[in-house]
Amino acid sequence: MKMAVLPATDATAEALEALEEAGKRSLGSNCTPVVPGSVITPMTDACYQLVFDQDLWQSLYTINASGIAAAAFFTEHVPTEFENNAHYLKDRTGEDVEPLAELPKADEN
């Protein structure tokens, strides 16, 4: 699955919308393959190709969001497609992390 993680000024719908074109551009670029256990760092104009471990029920990656106010995720698929019995994004203590803003907006679906 392709994923772009961009640094954002804050965790608002406005900040996410301001990054939408950059997110689309990043997803259209050459993606760097990342295997489970890898660290993904939010960057402008970067795309990651998540390589899932077919022998495991879950592939885990770390997002290094240190030094940024928020992170904007743009993905090839809706992340909930990959949920089974665990949420797709967790913090370092294992608690679910929910998006504060999403594209397209719920009323645009």
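All values derive from a computational prediction rather than experimental measurement. In what follows, residues are counted from 1 in the order of the sequence shown.
Distance OH/Tyr48 to CD1/Ile63: 8.0 Å, rounded to 0.5 Å. In this structure, OG on Ser59 lies 10.5 Å from CE on Met1, to the nearest 0.5 angstrom.
Cluster partners of Val51 are Val35, counting Ile, Leu, Val, Met, Phe, Trp and Tyr whose side-chain heavy atoms approach within less than 4.5 Å, directly or via other members.
Looking at residues two or more places apart in sequence or on another chain, you find a side-chain contact (heavy atoms from CB on, under 4.5 Å) between Ser66 and Asn64. Evaluation of the salt bridge (Lys or Arg N to Asp or Glu O under 4.0 Å) rule for Glu95 yields no partner, not counting sequence neighbours. For Lys90, the salt bridge (Lys or Arg N to Asp or Glu O under 4.0 Å) partners are Asp96, not counting sequence neighbours. Evaluation of the side-chain contact (heavy atoms from CB on, under 4.5 Å) rule for Glu14 yields Thr12 as partners, not counting sequence neighbours. Not a single side chain to side chain donor-acceptor pair (under 3.5 Å) links Ser38 to another residue, sequence neighbours left out. Qualifying side-chain contact (heavy atoms from CB on, under 4.5 Å) partners for Leu100, counting only residues two or more places apart in sequence or in other chains: Ala11. Residues satisfying the salt bridge (Lys or Arg N to Asp or Glu O under 4.0 Å) test with Asp55, not counting sequence neighbours, are none. Residues passing the side chain to side chain donor-acceptor pair (under 3.5 Å) test with Asn30: none are found, sequence neighbours excluded. In this view, Ile68 and Pro7, Pro42, Ala65, Ala71 satisfy the side-chain contact (heavy atoms from CB on, under 4.5 Å) rule, not counting sequence neighbours.
The two residues Leu50 and Ile40 have their closest heavy-atom pair at CD2-CD1, 3.7 Å. Counting all heavy atoms, side chain and backbone alike, Ala4 lies closest to Leu27 at N-CD2, 3.7 Å. When every heavy atom of Asp91 is checked against every heavy atom of Val97, the shortest pair comes out as N-CG2, 3.5 Å.
Counting only residues at least two apart or on different chains, the salt bridge (charged side-chain N to carboxylate O under 4.0 Å, His left out) pairs with a member in residues 19-32 are Glu20-Lys24, Glu21-Lys24, Arg25-Asp45. Residue pairs satisfying the disulfide (SG to SG under 2.5 Å) criterion with at least one member in residues 42-95, sequence neighbours excluded, are listed as follows: Cys31-Cys47.
Side-chain contact between Glu98 and His87 is present, with at least one heavy-atom pair separated by less than 4.5 Å. A heavy-atom distance below 4.5 Å is found between the side chains of Tyr61 and Pro36. Side-chain contact between Glu102 and Phe73: absent, with no pair of heavy atoms (C-beta onward) separated by less than 4.5 Å. Taking 4.5 Å as the limit, every side-chain heavy atom of Leu6 sits out of range of all side-chain heavy atoms of Met43. Put simply, the side chain of Phe74 reaches to within 4.5 Å of the side chain of Leu19, judged on heavy atoms.
Between the side chain of Gln49 and the backbone N or O of Pro33 there is no donor-acceptor pair closer than 3.5 Å.
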